[in-house]
Amino acid sequence: MTSTSSRAVVHLAVYDTLADWETGYTTAFLAQNGYRVRTVGPEREPVTTMGGLRVQPDLALAELRPEDSALLILPGAGLWDAGDDLAPFARAARAFLDAEVPVAAICGATAGLAREGLLDDRAHTSAVSFYLAATGYGGGARYVDADAVTDGGLITAGPTEPVALAREVFGLLGVYGPEKLGAWYRLFHDSDPSAYEVLEGE
């Protein structure tokens, strides 16, 4: 289980071709609510995102330990479908889940988890069902056509659902209560101005 001292730390995986837009809501609002976001790369050398941003990882994957973390976030990236370069991150996700520390995966990262066998027995989603089916995984019957899905400690989402991913993370970690979480989602997903009343009232 996550230790008390690690509850304020979340880890964001970073690697070349990372899809910049997919985790911004999650990390920004976690940071605003007392969490420290640390980046984890394959090594400590800088990586370049899909948008051309260079990111210097705080630590290498070999240094990452579930007991030091409240959550591991795996963004999508072109590399997930280009070979096995990112497979070690899927294995890290297995270690986190085995240690009962949550994992959130979006877009191509869901395919990495499928290849690792982590979606065979958990409800999950992704871009579309046939995208995961192409991995040859055994979890097709557990696929859910939804914006994001939480099953136990695993959150999955498709590439067009960064706001839903954040909603599931905030709910799982208890960042916001139910009323405020619903308002936050309505504001950022639906541009509902009435949500401001709830967000400013708590």
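Keep in mind the model is a prediction, meaning the values are calculated, not measured. Residue numbers count from 1 along this sequence.
- Without hydrogens or angle criteria, Arg94 side chain to Glu116 main chain gives a donor-acceptor distance under 3.5 Å.
- With side-chain heavy atoms closer than 4.5 Å counting as contact, directly or through intermediates, the hydrophobic cluster containing Val149 also holds Val144.
- Side-chain contact between Phe96 and Leu71 is absent, with no heavy atoms from C-beta onward closer than 4.5 Å.
- Other residues, nucleotides and ligands contribute only 12 or fewer heavy atoms inside 6.0 Å of the CD atom of Glu43.
- Atoms CG and CZ, on Leu199 and Phe188 in that order, are 7.5 Å from each other to the nearest 0.5 Å.
- The shortest side-chain heavy-atom distance between Thr49 and Val55 falls under the 4.5 Å cut-off.
- Looking at heavy atoms from C-beta onward, His124 lies out of side-chain contact with Leu113 at the 4.5 angstrom threshold.
- Using a 4.0 Å cut-off between charged nitrogen and carboxylate oxygen, Asp147 and Arg167 count as a salt-bridge pair.
- Contact annotation: the side chain of Asp68 never approaches that of Val9 to less than 4.5 Å [non-hydrogen atoms, C-beta and beyond].
- Grouping the Ile, Leu, Val, Met, Phe, Trp and Tyr side chains by contacts below 4.5 angstrom, directly or via other members, places Met50 apart from Val14.
- Taken to the nearest 0.5 Å, the CG atom of Leu61 stands 10.5 Å off from the NE2 atom of His11.
- Val37 and Leu53 sit in two unconnected hydrophobic clusters of ILVMFWY residues. Membership requires side-chain heavy atoms under 4.5 Å apart, directly or through other members.
- With contacts defined as side-chain heavy-atom distances shorter than 4.5 Å, the pair Leu12/Pro75 qualifies.
- Of all heavy-atom pairs between Ala93 and Val103, the closest is O-CG2, 3.8 Å.
- No donor-acceptor pair under 3.5 Å is formed between the side chain of Thr125 and the backbone N or O of Ala157.
- Side-chain contact check for Phe170 versus Lys180: every heavy-atom pair is 4.5 Å or farther apart.
- Asp120 places a side-chain N or O within donor-acceptor distance of the main-chain N or O of Gly138, the cut-off being under 3.5 Å.
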**Report entry** Step-by-step side chain to side chain contact (heavy atoms under 4.5 Å, CB included) determination, Tyr143 to Tyr137
**Finding:** CA-CA 11 Å; Tyr143 187 89; Tyr137 83 130; 4.1 Å; yes
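- Between Gly78 and Thr17, the shortest heavy-atom distance links the atoms N-OG1, 3.0 Å.
- Asn33 meets the side chain to side chain donor-acceptor pair (under 3.5 Å) test with Tyr176; sequence neighbours excluded.
- The line from CG of Leu119 to CZ of Arg142 is 10.0 Å long, rounded to the nearest 0.5 Å.
- Annotation: the span from Glu168 atom CD to Leu173 atom CG amounts to 11.0 Å, rounded to 0.5 Å.
- The line from CG of Asp58 to OG1 of Thr39 is 3.5 Å long, rounded to the nearest 0.5 Å.
- Ring-plane geometry between Phe29 and Tyr25 is classed as parallel, the angle between the planes falling under 30 degrees on a 0 to 90 degree scale with a further cut at 60.
- When all heavy atoms are compared, the tightest approach of Tyr131 to Ser126 is CD2-OG, 3.4 Å.
- The two residues Cys107 and Pro159 make their nearest non-hydrogen contact at SG-CB, 3.4 Å.
- Judged by distance alone, the side chain of Ser69 and the main-chain N or O of Pro66 form no donor-acceptor pair under 3.5 Å.
- Of all heavy-atom pairs between Leu154 and Leu118, the closest is CD2-O, 4.1 Å.
- Contact annotation: the side chain of Arg38 never approaches that of Val10 to less than 4.5 Å [non-hydrogen atoms, C-beta and beyond].
- Thr26 contributes atom OG1, which lies 8.0 Å from atom CD1 of Ile155 (distance to the nearest 0.5 angstrom).
- Under the 3.5 Å distance criterion, the side-chain polar atoms of Glu63 are matched with a main-chain donor or acceptor of Ala60.
- Asp20 CG: more than 12 foreign heavy atoms inside a 6.0 Å radius.
- Panel note: side chain Thr110, backbone Thr156; no donor-acceptor pair is recorded below 3.5 Å.
- In this structure, Asp16 contributes its side chain and Val47 its backbone to no donor-acceptor pair below 3.5 Å.
- Connection of Leu59 to Tyr35 is established within a shared hydrophobic cluster, with ILVMFWY side chains joined at heavy-atom distances below 4.5 Å, either directly or through further cluster members.
- Side chains of Tyr15 and Asp85 form no contact here, defined as non-hydrogen atoms less than 4.5 Å apart.
- Closest non-hydrogen pair, Gly34 versus Ala8, comes out as O-CB, 3.7 Å.
- A search for side chain to side chain donor-acceptor pair (under 3.5 Å) contacts involving Asp192 returns Arg186, Ser194, not counting sequence neighbours.
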